[in-house]
Amino acid sequence: MKEYKTITEVSGPLVFVETDEPVGYDEIVEIETGDGETRRGQVLESTSDHVAVQVFESTQGIDRECSVRFLGETMKMPVTEELLGRVLDGTGRPIDGGPDIVPDERQDIVGKAINPVSREYPREFIQTGISAIDGMNTLVRGQKLPLFSASGLPHNDLALQIARQAEVPEEDEGEDSEFAVVFAAMGITAEEANEFMDDFERTGALERSVVFLNLADDPAVERTITPRLALTTAEYLAFEKGYHVLTIMTDMTNYCEALREIGAAREEVPGRRGYPGYMYTDLAGLYERAGRIEGVEGSITQIPILTMPSDDDTHPIPDLTGYITEGQIYVDRDLNSQGTRPPIYVLPSLSRLMDEGIGEGLTREDHGDVSDQLYAAYAEGEDLRDLVNIVGREALSERDNKYLDFADRFESEFVDQGYDTDRTIEETLSIGWDLLSMLPEEELNRIDEEFIETYYDAGSDATIEAAEADD
Amino acid sequence: MSQATSTDVREDGVIESVSGPVVTATGLQARMNDVVYVGEEGLMGEIIEIEGDLTTIQVYEETSDVAPGEPVESTGAPLSVDLGPGILDNIYDGVQRPLEGLEEKMDSAFLDRGVDAPGIDVEKTWEFTPTVEQGDEVTAGDIVGTVPETESIEHKVMVPPDYEGGEVVETNKGNFTVDETVVSLDNGEEITMHQEWPVRQSRPAGDKETPTDPLVTGQRILDGLFPVAKGGTAAIPGPFGSGKTVTQHQLAKWADADIVVYVGCGERGNEMTEVIEDFPDLEDPKTGKPLMSRTSLIANTSNMPVAARESSVYTGITIAEYYRDMGYDVALMADSTSRWAEALREISSRLEEMPGEEGYPAYLGARLSEFYERAGYYQNANGTEGSVTVVGAVSPPGGDFSEPVTQNTLRIVKTFWALDADLAERRHFPAINWDESYSLYRDQLDPWFQSEVADDWPEIRQWVIDTLDEESELQEIVQLVGQDALPADQQLTLEVARYIRESYLQQNALHDVDTYCEPEKTYRMMQAIKSFNDEAFDALDAGVPVDEITDIDAAPRLNRIGTTEGYEEFVGEIEEDIEEQLRGMYQ
């Protein structure tokens, strides 16, 4: 292997090297500094006489005298089932003091696109035990459903609750396929990382998890490879070993900041808010690795977490994410300060794969209608809240008052369940019917008459209580 | 793709640099937009810039590990599609490689690179029946025979547009592969069932005419309020989650086009899978045949190579033009043109071109209008009439319609279906905002609706629009003072408008019956709501209090018309009940 001592320029995370032999695009590079330390990087641009290298770690201490080696291959992830239970750093090296990893295979971390004709459409209901998700924004196996959160909100608690409780109901215990969690942390604080690790250890989840940790004080550029390593591991476990893999990636905002940093260092023409123009393609290359493949047992379900800068969902990061992922769950500041746990704001949240994953034989035949009606009623109640602020409750009709009560109870009974309550879908739907029973039957215009007959109970306790409360 | 099979390889070049999908080469003898094979693995690419000895190539595949010094071969031909029987009921990537064929060739669920496959099966035989005889004179574009391509579509074999034409000397009837000669001409030209056409060039056609027929979509708000013409253009912009893709799917399923070309351009993999899984099971409401037999899908999902995404809309529209030439009405859905524009931006930025607005290249508007101008209602060269309708989805960042792609699109298209996040949040689907949307085809399509559906179609539509307009004005007052403070007649108008929104504008795409609404039913629904309106105002004039009018139990049944099969009787009953109940209050 040829060694060069021909570094011509160091600029931010980029190092430019003169070469006399061709170097492949995306190839891995090792740079040895004067004091014997090795830094790794990747070829960003290769021409016949020089290459631009993006260094994953810091470029501090690199000078013109450093020796540069091109390894002749692109970035690979050593994969094996033994990775379960292990904790790795953001570049895939073990940091848990355990034994070295003996890989079964070494796989390219830039995944190949799944052929759309080989995909299987996801329609297998995952019960998270959280009513606001199961009832209103159902998650299915193979879906990518991000949490749209913001600083200071308990998205980590929610993610942990999903990881803990997620199951496919009524599945035969004897089935071969098992559940695994791949966790990729990008630029989160050590404290947050501890929170995740403690919970994994407490619940015994660690032994079926692979954890990749790139912490806030780790090099930012490294963040751009962490999710790729994690997803390569997830693909191996899912599509070669038949695991149902839940991949949690947090925080995508830090990942995108790292992309922007590299873009700026390369003096690229920036897109919106300085983020690179190819960010959509880049994010799609991560998110689209979720899914199911026909004839293969396993699946990859993704829960990416992102914090929206100044709670703004039109910011490029949530915006581009929303265009790629199959829905989104909003974690809401107002609900959180009201003490709603988890503070999921149902109205802007959406699961695009819900319709195919629910209904008769999957959850229950009335699920779709109930969910639609709850949405509509809650939305109406929310609208009326603005009006109440102006004219007061007395000025509103009896019907409007019912909707206001409905919205309050929807938040306090349906959404607010605490992080330790695990509700079955039956429980979720029956709470839904309880709430709907507050409303007169003719208001239920989105529900099939047949279901109203079976489930609607105008004389139920809920209705009576509500009536009393009105008095 | 066809280059590998047909054209001689010309001068070789050598890679000079690699940066993502952009590769430069030296020593290459090639013309602008020619297709080249890059590197040891032969990755497909296209020449996008020539500067001295340096040629810039956009590569349609992942370029990891490609190094300077590797060879580049030019095919000497521009990016073209294979045209012939076998395009329908097929699914392609952005450069017309059949995805099923690739799956087989690669023996993997993942897309590998450096694998090529022809766009149409060259080994399969088709039954050709000539429609010309020895001695007939034919020119470019003329139909010389037919092939039953699928159970619903008869493929017309035409003289390729670049042929001179002449006298037919021989015709062959029977089963042939697409490359075997089926008709020979006296000047030596041999006609096969296989043609090629460069994607970036529109196929020649006769005169473009003013479209007069609507593309009936079976979606009430579209057919009723904002129709698009066969041969027209429409745009569906909307923020994420507002239902662009569902609307596009609905159009692909139910629009009364002969042929549907669906381009999934930079969108989600699972969405394409849904189309692939659903369409073969769905029936065309007109013919009862499987929808897939009239459909060609192009799926270049968001994580497939960005350069192939750029070419996918051209591949789609070239296929659409080919079927138009046969005399068919073709509808092309492009979801989403924003992803296509972003691909342009990405490549432009790698070329270090001077950016225009928001980093998009300055030629964005020109490219968009070039693309939409390929739509139209045409008098074809061979005497048939055909049309290409283009419906493009737009995904504006942050749902902000002032961004360049939406604005440039709006300057071209004549129908605008504005999707609205607020409506979607309320689960009002399709979430098409009736205040912002428009159709400039209304007037020219009215005669069709009047003769095919009902004479008073324009009047009743205008009544619906007026009522909705009045409602939005009143809503502003209601926001301040509450509904009860309004005078009785305005309260009644709000009630009528609510029925228009809930029963007429909303349509459940997932409901077996409601998913498709024929124009007659659309008309009957407008009529039923109008008759409730008329009866209710009569009752109000006769002194009946507004509360009592709005409380009648017949009216809420209006909301169930959409989901009722055999609606005629049901609507009749509702109208009678409304009349009886309301008149009973004062007569």
Side-chain angles (χ1 to χ4, degrees), chain A residues 22-27 44-48 74 108 110 112-122 142 239 268-272 277-278 280-281 284-285 288-289 291 293-294 296 314 316 319 322-324 326-328 347-348 350 353 355 372 375-376 379 387 390-391 395-397 442 445, chain B residues 16-20 62-70 91 99-100 102-103 108-112 240-241 264 266 268-270 272-274 276-277 299 301-304 306 339 342 345-346 349 352 355 358-359 395 397-400 425-427 479-484 502 510 553 556 559:
Chain A
V23 175
Y25 175 71
D26 259 359
E27 210 170 273
L44 273 192
E45 189 177 340
S46 172
T47 71
S48 51
T74 52
D108 213 312
V110 182
K112 293 175 192 157
I114 303 177
N115 189 330
V117 301
S118 312
R119 277 184 188 267
E120 190 177 319
Y121 193 73
F239 302 135
E268 290 169 347
V269 180
R272 270 213 307 157
Y278 50 80
Y280 178 83
T281 309
E288 277 292 335
R289 291 171 82 172
I293 291 178
E294 232 168 72
V296 175
T314 64
D319 190 51
Y323 276 121
I324 306 165
E326 284 133 354
Q328 65 280 333
L347 295 182
L350 170 74
L353 302 184
D355 295 319
D372 277 355
Y375 253 110
L387 192 55
I390 303 170
V391 300
L396 295 183
S397 67
E442 49 298 352
N445 55 358
Chain B
E16 168 69 20
S17 75
V18 188
S19 164
E62 172 71 37
T63 52
S64 277
D65 233 5
V66 174
E70 290 184 28
I91 168 162
L99 287 172
E100 272 161 0
L102 292 184
E103 185 185 32
S108 158
F110 294 91
L111 289 169
D112 239 320
F240 62 80
R268 304 176 181 88
N270 280 331
M272 288 320 297
T273 308
E274 188 184 7
I276 298 164
E277 284 186 13
T301 59
S302 55
N303 57 338
M304 284 158 76
V306 69
R339 304 296 161 231
E342 278 164 19
R345 174 168 72 182
E346 200 170 321
S349 120
E352 297 176 357
E358 291 197 22
S395 319
D400 172 13
E425 211 170 87
R426 261 165 243 257
R427 293 303 185 258
Q479 290 297 322
L480 294 175
V481 299
Q483 185 163 345
D484 293 345
E502 290 181 2
L510 300 167
D553 59 9
N559 285 343

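We name chains A, B, ... by the order of the sequence lines, and we start the count at 1 in each one.
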Check B/Pro397 against A/Asp319 and note the closest heavy-atom contact, atom names and distance.
CA-OD2, 2.9 Å
Less than 4.5 Å to any heavy atom of chain B: does that hold for the side chain of A/Leu396, its backbone, both, or neither?
neither
Chain A heavy atoms under 4.5 Å from B/Ser64: which part of the residue, side chain, backbone, both or neither?
both
Looking only at heavy atoms and a cut-off of under 4.5 Å, which of A/Asp26, A/Val117, A/Thr314, A/Asp108 has the most pairs with chain B?
A/Val117
Which one of B/Glu100, B/Gln483, B/Met272 has the most heavy-atom pairs closer than 4.5 Å to chain A?
B/Glu100
Side chain from CB out, backbone as N, CA, C, O: work out which of these in A/Tyr375 comes under 4.5 Å of a heavy atom of chain B, or both, or neither.
side chain
When the 4.5 angstrom heavy-atom criterion is applied to A/Val23 and chain B, the contacting part is backbone
Spell out, as yes or no, whether a donor-acceptor pair under 3.5 Å connects the side chain of A/Tyr25 to the backbone of B/Gly20.
yes
For chain B, which candidate among A/Gly277, A/Ser46, A/Gly24 shows the most heavy-atom pairs at distances under 4.5 Å?
A/Ser46
Nearest atoms (heavy-atom pairs only) where B/Arg268 meets A/Tyr323:
NH2-O, 3.0 Å
Go through the atoms of A/Ile114 and report whether side chain, backbone, both or neither lie under 4.5 Å from a heavy atom of chain B.
both
Looking only at B/Gly359, B/Gly266, B/Ser17, the option with the highest number of non-hydrogen pairs under 4.5 Å against chain A is B/Ser17
Which portion of B/Val66 sits near chain A, non-hydrogen atoms under 4.5 angstrom:
backbone
Which atoms of B/Glu277 come close to chain A, meaning under 4.5 Å heavy atom to heavy atom: side chain ones, backbone ones, both, or neither?
side chain
Side chain from CB out, backbone as N, CA, C, O: work out which of these in B/Asn270 comes under 4.5 Å of a heavy atom of chain A, or both, or neither.
both
Minimum-distance pair of heavy atoms, taken over all atoms of A/Ala113 and B/Met304
CB-CG, 3.8 Å
For the interface with chain B, which of A/Glu268, A/Glu27, A/Arg272, A/Glu294 has the highest count of heavy-atom pairs at distances below 4.5 Å?
A/Arg272
Approximate separation, where rounding is to 0.5 Å, of B/Leu99 CG and A/Ser118 OG:
8.0 Å
Go through A/Ile390, A/Asp355, A/Leu353, A/Asp372 and name the one with the most non-hydrogen pairs under 4.5 angstrom from chain B.
A/Asp355
Using non-hydrogen atoms only, which part of A/Glu326 is less than 4.5 Å away from chain B: side chain, backbone, both, or neither?
both
Chain B interface, residue from A/Asn115, A/Thr47, A/Asn445 that has the most non-hydrogen pairs under 4.5 Å:
A/Asn115
Which bit of B/Ile91 is near chain A, if near means a heavy-atom gap under 4.5 Å: side chain, backbone, both or neither?
side chain
Using every non-hydrogen atom in the two residues, find where A/Glu120 and B/Thr273 come nearest and quote the distance to one decimal.
C-CG2, 4.0 Å
Tell me which of these, A/Pro270, A/Gly142, A/Ala379, A/Gly322, has more heavy-atom pairs under 4.5 Å with chain B than the rest.
A/Gly322
Minimal heavy-atom distance between A/Leu387 and B/Gln479, with the atoms involved, is CD1-O, 3.1 Å
Highest number of heavy-atom pairs under 4.5 Å with chain A among B/Ser302, B/Pro556, B/Pro355, B/Ser349 belongs to B/Ser302
Checking the side chain of A/Glu288 only, and the main-chain atoms of B/Thr301 only, is there a donor and an acceptor separated by less than 3.5 Å?
no
Is A/Ile293 in contact with chain B via its backbone, its side chain, both, or neither, using a 4.5 Å heavy-atom distance?
side chain
The test is side-chain hydrogen bond (donor to acceptor under 3.5 Å, both in side chains); show your working for B/Glu346 and A/Thr281 and say whether it passes.
CA-CA 9 Å; B/Glu346 200 170 321; A/Thr281 309; 2.8 Å; yes
What one should report as the nearest heavy-atom pair of A/Gly285 and B/Asn303 is CA-CB, 4.1 Å
Under 4.5 Å from a heavy atom of chain B, the part of A/Tyr278 involved
both
By a 4.5 Å heavy-atom criterion (distance strictly below it), what part of B/Glu502 contacts chain A: side chain, backbone, both, or neither?
side chain
Using heavy-atom distances under 4.5 Å, tell me whether B/Asp65 contacts chain A through its side chain, its backbone, both, or neither.
both
In terms of heavy-atom pairs under 4.5 Å, which option from B/Leu480, B/Asp553, B/Asp112, B/Asn559 contacts chain A the most?
B/Asp112
